[in-house]
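See structure below.
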Amino acid sequence: MAAEWDAFVGKSKNGTFLLERQFMDYHSDRFTDCSLMVYEDNELIGLFPANWDEGTHHVYSHQGLTYGGLILSSEVTQHQVLQMMQAIFLWYIDFLQARSLTYKPIPYIYSTCAAEEDLYALFRADAKLTARGVSSVVEMDNPLKLRKLRIRGAKKAIDAGFYIDKMSDEDWPVLKQYMDMLAEGLQKHHNLKPVHTFEEMQLLMTRFPQQIKLFLTRRDRNTIVAGCIVFITRRVAHFQYISSNDEGRKNGALDLLFRHLIYERFKNMAYIDFGISTENRGLYLNEGLIFQKEGFGARAVCYDAYVVELDRTVIEQMSPEVKAPVGRVRFLDLKRINASFEPALSEAITRVVRSGWYLQGAAVHQFERHFAKYIGTRHCVLCGNGLEALTLILRAYKILKGWSDEAEVIVPANTFIASILAIKEAGLKPVLCEPSLDNYLINVKAAAKLVTEHTVAIMPVHLYGQIAPMSDINTLAAKHHLIVIEDAAQAHGATLEGRKAGHLGDAAGFSFYPGKNLGALGDAGCVTTDDDEVAELVRKLGNYGSSEKYVNDYPGLNSRTDEIQAAALEIKLPRLDADNERRVEIARKYILGIDNPLIQKPEMPHDERDNVFYIFPVRTTDRDQLQKWLKEQGIDTLIHYPIPPHRQKALPEFEKLKLPVTEQIHREILSLPISPIMTDEEVERVIAAVNSFNLSEE
């Protein structure tokens, strides 16, 4: 992201003033980075650098060390800027519950094509101007004439024996000497204190040694008479903390320093910015400072600060006459989903990266505790993915129960192939059971007929987010002394009679694949169980069969969730129930709204918590035509799954099986878009498109 950010700044029309992405964490001790990147048709068209103060629910639009508002591509239009600003404000309202925002527009002088589109957007948002700072800027291609007074001052400084110097890297005694002189001067002449303490400036210069420099005028090696700290960006040198003692002021020390910096040191810059020369939030001009700066060819530039009260009613009316173009309804927009967890998600990842500990650390242990508590089990053991979670459970039971290679595990035939592969990977035999056509879940009556003397376990799959008929399954298992292993990879948070999926059998396997209701940023999975022996053995088997480094008790495998994935899951877990409620709400709209005799839709469960709608499946004998029709309407769909497992080349032992119900499901099923970030408008578009499907138009 940093590379994309910096590249965009370099080619933007007003990014000259912006510091690189690395500066966004400058205020990390006080604020949280909540910057946004704005895309249109997958092309980056704008950046909004911002920091977030959680205590006040206030957003500040700046990039750490400098002012800055919306950074724009040269191609964007006024209309786009208005819509962009509206979308940004609404994002902060929705995802940060922000109440207000301080916006600091970038002065147009720094734009390659001068424009102030964001000011109109601020007007539409009823923004209030709260401060105006007047800076003095030398435009190096077109400076004002250097005043003779400044030339005489520089000559006077030379005659006094003054010379130019630069603080060496990490020469902190020199920095301390200068900051003390600065503080004394500000107190004496303006009754003010520097914004940064010596310690803060030392930290800044340590973090950004190439961008922040202290230039000095000296009388001798031990005596500083004037100086300024320069913040160096791509094309702008910002002079800050300008100070001179009485001796330096009397003898033109700053004239000598500025003449050197402007006409020698930074002569290739586009602009030299002397900083703000106003007091009391811009109410008073400091005539002395402005006079001195203008003497070097500078002209006035205003730095404004606006406050926007983030009132949704006002913000939604910013562009009421503009209808957003109808775009695709994506099946699952992971980018939008993950963006809704920002900035906390990026902060959590950054903490892991900076910690230096990336496997089996604090983040993993913390999420294991919290997810076990959420599910209601004594144990949660993170592993590599959902397939390995199920494999580890089966291998653990095979060892503990002494199952032979002939032992059989009953599994629904219409599941994702991973359920079956896990059984084979554990050295056991899968037995495929037909599902019920009305809900696609394992048919318990059919499963009962498949139990033999070799059957050791049954693996119900909570398919598509709905809980399997666990009461009947557990009754069947008890009758035949079977182990019940839940495949809960699609049912995070689903609840049956007060107990969550993952706590309805002997053990359960979860997947945290990015598209799941609770998804990581890559592969991850876990095992949940109340069985101490199973949990301990699963942990060993997933760590090379070892509980002590280099001591291997079993032929295990490497199956671990890394710290970054655990940290991401920890951020997302508290919102899982709310996200599931939104999925259920969308499903209810689909069920009530879809009315097409060609379409078979699922039913709402008696207890809505039984189904968390990982997907929303519909069925039709004309599945391919329906999918094509919806695509033409701009609506993405997926097929879960186009080829039944027993027809896959990977499972040749099942090729002669006849499973008519399974085959019908895989031939007719189609998944409609459903996710917690879908809008009601998108849902209504899907409903209208499905209802308008008609074979006669094919």
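Quick note: numbers below take in every heavy atom, side chains included, and nothing from hydrogens, waters or symmetry partners.
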Tell me yes or no: between the side chains of [X] and [Y], is some donor less than 3.5 Å from an acceptor?
| X | Y | value |
| --- | --- | --- |
| H196 | Y241 | yes |
| Y103 | D118 | yes |
| Q202 | E170 | no |
| S340 | R575 | yes |
| E681 | T679 | no |

Pairwise distance [atom1]([X]) to [atom2]([Y]) - rounded to 0.5 angstrom:
| X | Y | atom1 | atom2 | answer |
| --- | --- | --- | --- | --- |
| I232 | I212 | CD1 | CD1 | 9.0 Å |
| S100 | Y92 | OG | OH | 12.5 Å |
| M84 | M318 | CE | CE | 11.5 Å |
| L257 | S244 | CG | OG | 9.5 Å |
| I315 | F89 | CD1 | CZ | 6.0 Å |
| N245 | L182 | CG | CG | 12.0 Å |

(Q) Check this for me, if you would: do R328 and D636 make a salt bridge, where the nitrogen-to-carboxylate-oxygen distance has to be below 4.0 angstrom? (A)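 Here R328 pairs with D636 in a salt bridge, since their nearest N and O are under 4.0 Å apart.
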Q: Please determine if D180 and K176 form a salt bridge, counting it only when a charged side-chain N lies under 4.0 Å from a carboxylate O.
A: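 A salt bridge links D180 with K176.
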In chain order, what residues pass the ring pair (Phe, Tyr, Trp, His ring centres under 6.0 Å) check against [X], with sequence neighbours excluded?
| X | value |
| --- | --- |
| H57 | W52 |
| F215 | F266 |
| F258 | F239, F274, F296 |

Can you name the closest pair of heavy atoms from [X] and [Y] and give their distance?
| X | Y | result |
| --- | --- | --- |
| M37 | L47 | CG-CD2, 3.8 Å |
| A125 | V314 | O-CG1, 3.8 Å |
| Q565 | L521 | OE1-N, 2.8 Å |
| F8 | I71 | CE2-O, 3.7 Å |
| V352 | E563 | CG1-CB, 3.6 Å |
| A121 | M85 | CB-CG, 3.6 Å |

Q: Check the pair E682, R336 against salt bridge (charged side-chain N to carboxylate O under 4.0 Å, His left out), reporting the backbone distance first and the verdict last.
A: CA-CA 14 Å; E682 289 174 323; R336 276 176 63 196; 3.6 Å; yes
State, with a plain yes or no, whether a side-chain heavy atom of [X] is found less than 4.5 Å away from one of [Y].
| X | Y | value |
| --- | --- | --- |
| P49 | W5 | yes |
| I229 | K213 | no |
| I586 | R582 | yes |
| E199 | L203 | no |
| I224 | M181 | yes |
| D171 | L214 | no |
| L518 | L569 | yes |
| H58 | Y60 | yes |

For the [atom1] atom on [X], are there more than 12 heavy atoms of other groups (residues, nucleotides or ligands in this structure) within a distance under 6.0 Å?
| X | atom1 | result |
| --- | --- | --- |
| Y358 | OH | yes |
| E184 | CD | no |
| Q97 | CD | yes |

Q: Is it possible for you to check whether K335 lies under 6.0 Å from the centre of the six-membered ring of Y39, through NZ or CZ, and within 45° of that ring's axis?
A: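 So K335 does make the cation-pi contact.
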Q: Under the side chain to side chain donor-acceptor pair (under 3.5 Å) rule, what do E117 and Q80 come out as? Steps first, then yes or no, please.
A: CA-CA 9 Å; E117 296 101 337; Q80 285 177 300; over 6 Å; no
Q: Check the pair E581 / E585 against side-chain contact (heavy atoms from CB on, under 4.5 Å), numbers first and verdict last.
A: CA-CA 6 Å; E581 287 175 9; E585 181 183 4; over 6 Å; no
Q: Kindly indicate, with the supporting measurements, whether the criterion salt bridge (charged side-chain N to carboxylate O under 4.0 Å, His left out) is fulfilled by K188 and D246.
A: CA-CA 11 Å; K188 179 178 179 181; D246 291 340; 3.0 Å; yes
Backbone N/O of [Y] and side chain of [X]: donor-acceptor pair under 3.5 Å:
| X | Y | result |
| --- | --- | --- |
| R124 | Q317 | yes |
| N251 | A253 | no |
| K104 | Y306 | no |

Q. For V225, which of R218, K250, R219 qualifies under side chain to side chain contact (heavy atoms under 4.5 Å, CB included)?
A.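 Single side chain to side chain contact (heavy atoms under 4.5 Å, CB included) partner of V225 among R218, K250, R219: R219.
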Q: Show the numbers, then the answer: is there a side-chain contact (heavy atoms from CB on, under 4.5 Å) between T197 and E200?
A: CA-CA 5 Å; T197 65; E200 289 173 331; 3.4 Å; yes
Q: Please assess L261 against I272 for the test side-chain contact (heavy atoms from CB on, under 4.5 Å), listing each intermediate value before the final yes or no.
A: CA-CA 9 Å; L261 294 178; I272 304 293; over 6 Å; no
Q: Might you work through the side-chain contact (heavy atoms from CB on, under 4.5 Å) test for M678 and V329, ending with a clear yes or no?
A: CA-CA 8 Å; M678 277 186 74; V329 177; 4.1 Å; yes
Q: Go through the steps for D141 and K267 under the test salt bridge (charged side-chain N to carboxylate O under 4.0 Å, His left out), then give the verdict.
A: CA-CA 10 Å; D141 290 339; K267 63 182 179 181; over 6 Å; no
